[in-house]
Amino acid sequence: MALFHASHKQPTMKPPPAFDETGLTTYKDLCRSMGLVPISRFLRHLNEGVVDLRLYGVQPRTVRAIAQALMYNPSVHTLDLSGNWLSDEAAYYLAELLLRENVALRCLGLRGCRLSARAATMLAEGVELNHSLEELDLAHNRLGDEGVKALQDSLAQNDALRELDLSNNELGAVAAAALGEALRENQTIESLRLAWNNLYEDVPKGLAVLLRAIQQREKSFQLLDLAWNALNTSAAVPLRAFLVRSSVQELFLDHNRFPGAAIDTIKIGVRKSKTLQHLKIGFNPMEPVNAMNLLKATQLSESLKVLDLDGIRVSTDFMQVKNQLENSKGISIVVEGPLSDYKVNGPNMNEMMLKRARFEGFKPKKKRRKKDFGHLLLELAESGVESILPEQFTELALKKKKIKVREELLRALYEQYQQKKLKKIRVDVGAMLNSYMQLFPDTVLPPVVPKKKKKKKRNRRKKKKGTKSKIQF
């Protein structure tokens, strides 16, 4: 007897679900289990090359779901989380992402994420064992010297990283020395940005160690950014040796404190360098003479193509040589502009004081008390007076002509119009009159009014008391 009827069909087994290599299913499941709202932009970009979540308000817990979703994703090569405040826990999940051998990630942006030295410790293992990451942006964080020390061994062992940005991380001499030790072994990093740090501290034990490590490398070094580090004269000699012996192609030294003497030291390295192509050294306290010396070094350089002196005023001779180099060699030279040959003229003090003297003469409210200061000068000129003692001028103006002018103003006029060749100070009446007439050319002396003769008063006899007037009939 048959156990089963011939027409009875056995139930078919459902095939197992296909593996989602994009990470879409993984991301949604993790968000559901952790009670998170999925990021729609992340979902849209999972099949694209770049996932841009800058300033997106990504929470540290969300980073776990993002990292798990990208574990096996073959498409995303750039993950940018800049501007999101992440925690040490988020750094741990990102390190797990970097530990995956088959990850396609090439660029990781963690700029301005408030990462601390402990977060750098979390990232260290992932950086050390990763073989695909080429660009790592950790700028504008709080790593400090301890964070860079934690990354030192990882950077030394990494064999894929090409560009590293540690700008604005409160780095000093300890961090510079640690980076120098890492670069002695690492031969892949070719771009290092260290702007907005404190590398001016203890240059011999910090920056000098880093520069020596770079100049001893076998491979060429693309870019070194040391802007905004308050570097001064103490860094000039190490930089000169670095330029002569290293194979650096771009060097940024702008917004530092290099005086003219330091610029003249660095120019020797610029002239002797065989690989330097781009030099930014603007916004330093140099003089036009030092800029000219640097331009002459550029003229003798074999490789330099761009000289950036933004923020520096140069001489007219500099501009002539600049135009010749740009036309003959094709070198790009950037400057703030030429120093003009004009002179800054301040206010005309003589003009201001003469106007003030005229104003004070006409200031009284009553018409008969208003006096023109120019009338006094004209009267003196008609009398043949070319110069006069200050005391006499004061007596004429204040007592005889009764012009309401302050004595302080008169003394200031005497200083401007004095005849210095004479032993005694005398007021140059002619020069003062010429200046006054240029300002007020319509000034003339009033017509002479003849004085009226006074009428004699008749003496009227006073009538005596008690007398009567005679009446005529």
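Any value given below was found using the heavy atoms of this structure, including those in side chains, with hydrogens, waters and symmetry copies removed.
- Listed by first and then second residue, the side chain to side chain donor-acceptor pair (under 3.5 Å) pairs that reach into residues 201-220 are R184-Q216, sequence neighbours excluded.
- Looking at Y417 and N434, their side chains never bring a donor and an acceptor atom within 3.5 Å of each other.
- In this structure, L155 and N186 approach most closely via the heavy-atom pair O-ND2, 2.7 Å.
- Neither side chain, T22 nor N47, offers a donor N or O lying under 3.5 Å from an acceptor on the other.
- With 3.5 Å as the limit, one finds no donor-acceptor pair spanning the side chains of Q277 and E250.
- Not one N or O on the side chain of N229 forms a donor-acceptor pair closer than 3.5 Å with the backbone of Y200.
- The local environment of CD in E96 is crowded, with over 12 non-hydrogen atoms from other residues, nucleotides or ligands closer than 6.0 Å.
- Using a 3.5 Å distance cut-off with no hydrogens or angles, the side chains of S167 and D165 do pair a donor with an acceptor.
- Remark: Y93 pairs with no residue by the ring pair (Phe, Tyr, Trp, His ring centres under 6.0 Å) rule, at least two apart or across chains.
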Practice prompt. Before giving the answer on salt bridge (charged side-chain N to carboxylate O under 4.0 Å, His left out), spell out for R411 and E415 the whole-Å C-alpha distance, their side-chain angles and the decisive distance to 0.1 Å.
Written response: CA-CA 6 Å; R411 286 195 293 269; E415 293 179 2; over 6 Å; no
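- Distance alone, capped at 3.5 Å, places no donor-acceptor pair between the D29 side chain and the Y27 backbone.
- For the pairing with I266, the side chain to side chain contact (heavy atoms under 4.5 Å, CB included) check across L243, L251, N293 returns one residue only, L243.
- Ring orientation note: the planes of H278 and F252 are nearly perpendicular, at an angle over 60° on the 30°/60° scale.
- Ion pairing of K355 with E351 is present here, as a side-chain N (NZ or NE/NH1/NH2) and a carboxylate O approach within less than 4.0 Å.
- More than 12 heavy atoms of other shown residues, nucleotides or ligands fall within 6.0 angstrom of atom CD in E408.
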Item to complete: Test salt bridge (charged side-chain N to carboxylate O under 4.0 Å, His left out) on E302 and K274 and set out the steps.
Response: CA-CA 6 Å; E302 300 177 1; K274 297 181 180 180; 5.9 Å; no
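- Under a cut-off of 6.0 angstrom, the local environment of CD in E146 is sparse, with at most 12 non-hydrogen atoms contributed by other residues, nucleotides or ligands.
- Using modelled atom types and a 3.5 Å distance limit, the side chains of D264 and N290 yield a donor-acceptor pair.
- For E128, there are no salt bridge (charged side-chain N to carboxylate O under 4.0 Å, His left out) partners at least two apart in sequence or on another chain.
- Applying the 6.0 Å contact sphere to NZ of K370 captures more than 12 heavy atoms from other residues, nucleotides or ligands.
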